[in-house]
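Heads up: the structure comes next, in structure tokens.
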Amino acid sequence: MHIFDPNSPLRTNWQNADDVAFAAWESAGHEHREKYRDSGQSPARSKWLERERLGILTDALADGEFIALGISPDDNSLDIREIPQNLFLSAELEIDAVNSAIGGLGREFRDVRICRAPPANPLEASKANSSGRPTLIMIAKVAWDALKSANPNFLNVPKSTQNIEIQEMAATMFPAQFPGKCRIGESTIRRHRRTHPDLFT
């Protein structure tokens, strides 16, 4: 998958990037692709796996691991635009993988293509965090700690309820990051909890 080059025009990056369906396929990983290949006799399972890989892609876009570029139908100039990261945190998000279109928060983009974000420069990442743009895992951790402090019984609450409370607490604590109906995706929270269990104890 193409790695976004900040020194090249958006159109050049867009031309080198992949459509939504292929990006979802690539991001899902080898194990998922094997499951999908084996699901040919079960249309229902194939459909479920298609939704799963779109969820994986959405998580990567929300985390800033991937960058989405597209054209706004309302823009007569047909300029390529970077799709705002917070759109992928919205409950209104709609992704049409077949037509490579993305919509939400009152905006629409067509001819969408996806590329990987460039590797983070540690110094730049530090500056971004200090300027009020923390990573989603850091936001989830801050919300987790706040919920634990406010409710001594929080660790005994079912995980699904914990995740919903993390979503709401994060939106309360970081309103600039989560305007309107934007929230950290529950699948993103589950993934961070699974891969970093030491942070959520």
Side-chain angles (χ1 to χ4, degrees), residues 1-4 6 10 13-14 17-29 32 49-75 79-120 125 128-129 131-143 163-164 166-196:
M1 187 182 290
H2 172 68
I3 298 175
F4 183 86
L10 286 181
N13 280 287
W14 176 82
D18 298 306
D19 64 27
V20 171
F22 186 80
W25 179 254
E26 283 292 295
S27 65
H32 172 97
L49 288 165
E50 288 172 8
R51 288 196 299 270
E52 181 184 61
R53 63 175 174 265
L54 271 183
I56 293 169
L57 177 65
T58 300
D59 284 348
L61 289 161
D63 278 347
E65 296 173 21
F66 291 173
I67 293 172
L69 306 170
I71 299 170
S72 173
D74 298 330
D75 186 354
D79 285 341
I80 304 300
R81 301 192 180 280
E82 183 174 341
I83 299 176
Q85 187 177 346
N86 69 355
L87 191 149
F88 300 102
L89 298 166
S90 171
E92 299 174 2
L93 174 68
E94 293 184 2
I95 299 181
D96 179 350
V98 174
N99 295 304
S100 215
I102 290 175
L105 299 178
R107 304 187 68 178
E108 295 181 2
F109 297 89
R110 62 177 177 83
D111 296 325
V112 175
R113 298 186 185 179
I114 311 292
C115 49
R116 291 189 182 277
N129 288 342
S131 65
R133 291 184 282 115
T135 62
L136 292 184
I137 188 170
M138 178 179 154
I139 288 173
K141 169 62 174 170
V142 170
N163 293 344
I164 292 171
I166 288 171
Q167 289 177 306
E168 297 306 316
M169 179 61 78
T172 299
M173 297 180 75
F174 297 88
Q177 188 91 358
F178 303 103
K181 296 182 180 180
C182 292
R183 297 291 185 272
I184 300 178
E186 192 173 355
S187 58
T188 299
I189 295 171
R190 287 198 304 268
R191 177 164 57 85
H192 285 320
R193 294 186 67 175
R194 185 174 62 252
T195 54
H196 301 280

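FYI, side chains are in, hydrogens and waters are out, and symmetry mates aren't considered; it's all heavy atoms of this structure. Everything numeric here is computed off the predicted structure, so don't read it as measured data. The first residue of the sequence shown is numbered 1, and numbering continues consecutively from there.
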Tell me if a side-chain donor or acceptor on [X] pairs with a main-chain N or O of [Y] at a distance below 3.5 Å.
X    : Y    : result
Q85  : A62  : yes
W14  : I71  : no
S100 : A97  : no
E92  : L105 : yes

Please check if atom [atom1] in [X] has more than 12 non-hydrogen atoms from other residues, nucleotides or ligands closer than 6.0 Å.
X    : atom1 : answer
R191 : CZ    : yes
E50  : CD    : yes
E94  : CD    : no

- Message: Under a plain distance cut-off of 3.5 Å, with no hydrogens placed, do H2 and D18 share a side-chain donor-acceptor pair?
- Response: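 On atom types as modelled, these side chains do not qualify, holding no pair under 3.5 Å.
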Rounded to the nearest 0.5 Å, what separation is found between the [atom1] atom of [X] and the [atom2] atom of [Y]?
X    : Y    : atom1 : atom2 : answer
F88  : L57  : CZ    : CG    : 7.5 Å
I83  : E108 : CD1   : CD    : 11.5 Å
I102 : F109 : CD1   : CZ    : 8.5 Å
D111 : S72  : CG    : OG    : 11.5 Å

Considering only heavy atoms from C-beta outward, does the side chain of [X] approach that of [Y] to under 4.5 Å?
X    : Y    : result
L89  : R183 : no
R107 : P84  : yes
P118 : I67  : yes
I184 : H192 : no

Measure across [X] and [Y] and return the closest heavy-atom pair with its distance rounded to 0.1 Å.
X    : Y    : answer
A117 : I3   : O-CG2, 4.1 Å
V112 : A101 : CG2-CA, 4.2 Å
A143 : M173 : CA-SD, 4.1 Å
A17  : R113 : CB-CB, 3.7 Å
I56  : S27  : CG2-O, 3.6 Å
I139 : A170 : CG2-CB, 3.6 Å

- Message: Between L61 and I114, is the side-chain contact (heavy atoms from CB on, under 4.5 Å) condition met? List the steps.
- Response: CA-CA 9 Å; L61 289 161; I114 311 292; 4.3 Å; yes
- Let me see the working for F4 and L10 under side-chain contact (heavy atoms from CB on, under 4.5 Å), right down to the final yes or no. CA-CA 9 Å; F4 183 86; L10 286 181; 3.8 Å; yes
- Can you tell which of L54, D96, N99 makes a side-chain contact (heavy atoms from CB on, under 4.5 Å) with V20?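 Passing option: L54.
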